[in-house]
Each structure stands twice: as structure tokens, then as C-alpha cells.
Amino acid sequence: MPDEGKEVERRHELIIVGAGPAGLTAGLYAARGELDALLLESGLPGGQLLLTDLIDDYPGVEEVGGPELADRMLKHATKFGLEVETATVNAIKKLEDGDFRVTTDEGTVFRARAIVLTAGGTATKLGVPGEDEFAGKGVSYCALCDGAFFKGETIAVAGGGDAATEEGDFLTRFAEKVYMIHRRDEFRAQKIFQHRVFENPKMEVIWDTVVEEVLGDSGMERLRLKNVKTGDERFLDATGLFVFIGFRPNTGLMEDHVDHDEAGYFITDRDMRTSIPGLFVAGDVRSQMTRQITTAVGDATTAVITAEKYLKELAEPAHETAKT
Ligand code: NAP
């Protein structure tokens, strides 16, 4: 038992933060490369995979459920000896001696020579009245988690990207009717997802429209909508609202400044180095054009290989000194 009030500090060569596809891939490569690596994850390993019903764009795996792929990735990484620990990282700071200090809600403090940050992000909220009040009582950000609660009901989906269209289509397994509410007159989603919406008889798109308010009593009952072109308002009876309007990267964990783009995503070079030596990133925290599982795992592979090179370079001067 540690002394009360005395900080427990643990040291590793490499700490990977987050166990989504990027983190689990980083973990696999780190363990397989026999690095002294630890992966920290606050919840269940899998990240966004746990929120995705069916994956049909992972090469070599024609169709797989998101949670199953997460489980397979975890097993694959731990097979190589990856150490995974449940801990909620709340801050990462680079110290003057070059180490990173990783603090957690649980109170354990870690030190590492290098970090691979794959902490993903959190769903963006609409920020309209009633959204928080009816969260869990109709308003949801996860189709896989909550879709089954809406069997035979009429629901709405806000957004027009890949997530909104893909998850909206998925929700028709349960709901009788799914209205897609999109603020423009065309989707930004990939064509394959758009086709699924247009061809699904249970789906109807309400273009040029935003949700202004979520209304109800003990649970959500209707939405107040506004046409952004005409200014007209209307009410839509719906017992559920699934919000898929984007994603905020969990980059706030870094206490030091890291070069980032306008949306806050960390900028890396092609080898996943950030502006802080020793900090490598992959997955949804990284500034990039695409956010696919395939790109996340590819970038995580590069991140670990670059981190390994960095660690070797750190070790070399000491080695040289020892020889003389
Ligand atoms: P996204 O591509 O950024 O789309 C967000 C959507 O929400 C856009 O249609 C946007 O409208 C709309 N929106 C944003 N703010 C809004 C607001 N305040 N009110 C109303 N609508 C708002 O986000 P995403 O769909 O979550 O996808 C994120 C990334 O994950 C993307 O790179 C995507 O390709 C990837 N992803 C891939 C898959 C897959 O391949 N299976 C599945 C899910 C996600 P505008 O179009 O008008 O900007």
C-alpha cells in the first residue's frame, strides 16, 4: 500500500493514451517490438468501434461488428504482451528533463520517455434548448447504444456527414421512420452512405433545416425545426433525436502548446511527429483529410515506429558516453 498522501509514480519507455483502433494498433506494434509500453484507456477498449454497428470497409474483413473488431484488436495486441490499464488520463506535460508526466483521475502518475496520443474525441452537441434536458430521454449520440430503445417509433437524426447517414440507415432497423435533418441541401457524406439514405423507404430528408429546440415532458416528444432558407418554423413529432454533427478531438489533455489546425486537431509531419519532440499522434486527434479505421491503424503504425526511433536516438548518446 502506498503511503497516504505520497504520490505513486510509475515509469515506462512509451505510454499510449487511448485504446481505439489507433491506440490498439500502436500497442500491438509497441509490444511486438518489445518496447516497454503501457496503454492507458479510461473505458472499454475499442473507442469509436464500440459505437459502430457494422464495418464493411476494413480490407480482408468483409463484414464485422465494431465491438467484435475492437475485441479482436485487443486480443491481438495483448497476445504480443501489451500491458493495458484502465485509467482516465487528465493531463500530459513534457518536463524539463525530457520525460512526459501523465496524470490520471485515479491518482497514479506515470512518466514516459515518449507518448503516442490516440485519445480520439467526443461528439459535438447541437447546443440547443432541451438537448441536455432530454439527453438519455430521447437525445442520443450513439445509435448502437440506444437504437434498440426506439423500436417502431419515429425519430430524427441531425447531420449530413458519414456518421449521420450511416447511423441513420442503421437506426431504421428499429425505428419505423427516420427523418434526416440537415442544414444544407446536400450531404457531405460519401456517396455510398447517401445512396443508402435515398434508397431506404423508412428514411426522409428534411433539407436546409436545423433543430431549434427539443421538447417533451418526461421524455422527448417533438422537435422545433427551422428552415434556414425561408425562416419558417415547424414542429416534428419524434421520440428520439440522434445527433451526429461532428467530433471534437481530445487534444486538451496536452498541457503544453502543440501546433494544431483551425479545428484544434494536432498537426504532424508524415512520420506522426508533433511540434513537441517525443509526442506522436494518430487517429482522430490528428489533423488529416480522412478519418477511417484504415487510416488510423496505418498512422498508428507509423507513430510507433517513429517513437521507437526517437527512443533509440535518446538512448544512443548515453551508450556512446559509456563506451569512452
Ligand atoms: P462530419 O463529416 O464533420 O459531418 C458533420 C455533419 O454535421 C455535416 O453534415 C455538417 O453540416 C453537420 N453539422 C455540423 N455542425 C452542425 C450544427 N451545429 N448543426 C447542424 N448540423 C451540423 O462528421 P462525422 O459525420 O461525425 O464524421 C467525422 C469523420 O469520421 C469524417 O471524416 C467521416 O468520414 C468519418 N466517419 C467515417 C465513417 C465510415 O467511413 N464508415 C463513419 C462515420 C464517420 P455541413 O455538411 O453543412 O457542414
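Atoms within each ligand, like the ligands themselves, are counted from 1 in listed order.
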Quick one: does [X] get within less than 4.0 Å of ligand 1, heavy atoms only?
X      : answer
Met289 : no
Ala158 : no
Asp57  : yes

Once you measure the plane-to-plane angle for [X] and [Y], does it fall in the parallel (<30°), tilted (30-60°) or perpendicular (>60°) bin?
X      : Y      : answer
Phe242 : Phe244 : parallel
Tyr310 : Phe280 : perpendicular
Trp207 : His182 : perpendicular

Any salt bridge between [X] and [Y], counting N to O under 4.0 Å?
X      : Y      : result
Arg188 : Asp162 : no
Asp256 : Lys94  : no
Arg196 : Asp56  : yes

Provide the number and element of each atom of ligand 1 under 4.0 Å from a heavy atom of [X].
X      : value
Arg184 : 45 (P), 46 (O), 47 (O)
Gln292 : 34 (O), 37 (C), 39 (C), 40 (O)
Gln190 : 40 (O)
Gly160 : 6 (C), 7 (O), 8 (C), 9 (O)

What's the shortest distance from [atom] to any protein heavy atom, and which residue and atom give it?
atom                    : result
atom 18 (N) of ligand 1 : Ile245 CD1, 3.7 Å
atom 23 (O) of ligand 1 : Gly246 CA, 3.7 Å
atom 19 (N) of ligand 1 : Leu126 CD2, 3.9 Å
atom 8 (C) of ligand 1  : Arg188 NE, 3.5 Å
atom 34 (O) of ligand 1 : Asp162 OD2, 2.5 Å

(message) Please report whether atom 28 (C) of ligand 1 has a protein non-hydrogen atom at a separation of less than 4.0 Å.
(response)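 No, because not a single protein heavy atom sits under 4.0 Å from atom 28 (C) of ligand 1.
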(request) From atom 42 (C) of ligand 1, work out which of Arg291, Arg183, Met180, Glu166 has a heavy atom at the shortest distance. (result)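 It is Glu166 that holds the nearest heavy atom.
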(request) Name the option, out of Gly159, Ala163, Gly66, that contains the heavy atom nearest to atom 24 (P) of ligand 1. (result)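 Answer by nearest heavy atom: Ala163.
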(message) Whether Arg291 engages the ring of Tyr265 as a cation-pi pair (distance to the six-membered ring centre under 6.0 angstrom, angle to the ring normal within 45°) should be assessed.
(response)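 Output yes; distance and angle both within limits.
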(request) Specify side chain, backbone, both or neither for Phe244, according to which of its non-hydrogen atoms lie closer than 4.0 Å to ligand 1. (result)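 Just the backbone.
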Whether [X] side chain and [Y] backbone form a donor-acceptor pair below 3.5 Å:
X      : Y      : result
Thr302 : Gly298 : yes
Thr154 : Lys177 : no
Glu41  : Ala87  : no

(request) Before signing off on this row, confirm whether Phe193 and ligand 1 have an N or O atom pair separated by under 3.5 Å. (result)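 Phe193 vs ligand 1: no N/O contact under 3.5 Å.
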(message) Filter on disulfide (SG to SG under 2.5 Å), then keep only pairs touching residues 33-76, sequence neighbours left out; what's left?
(response)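 Of all non-adjacent pairs touching residues 33-76, none passes disulfide (SG to SG under 2.5 Å).
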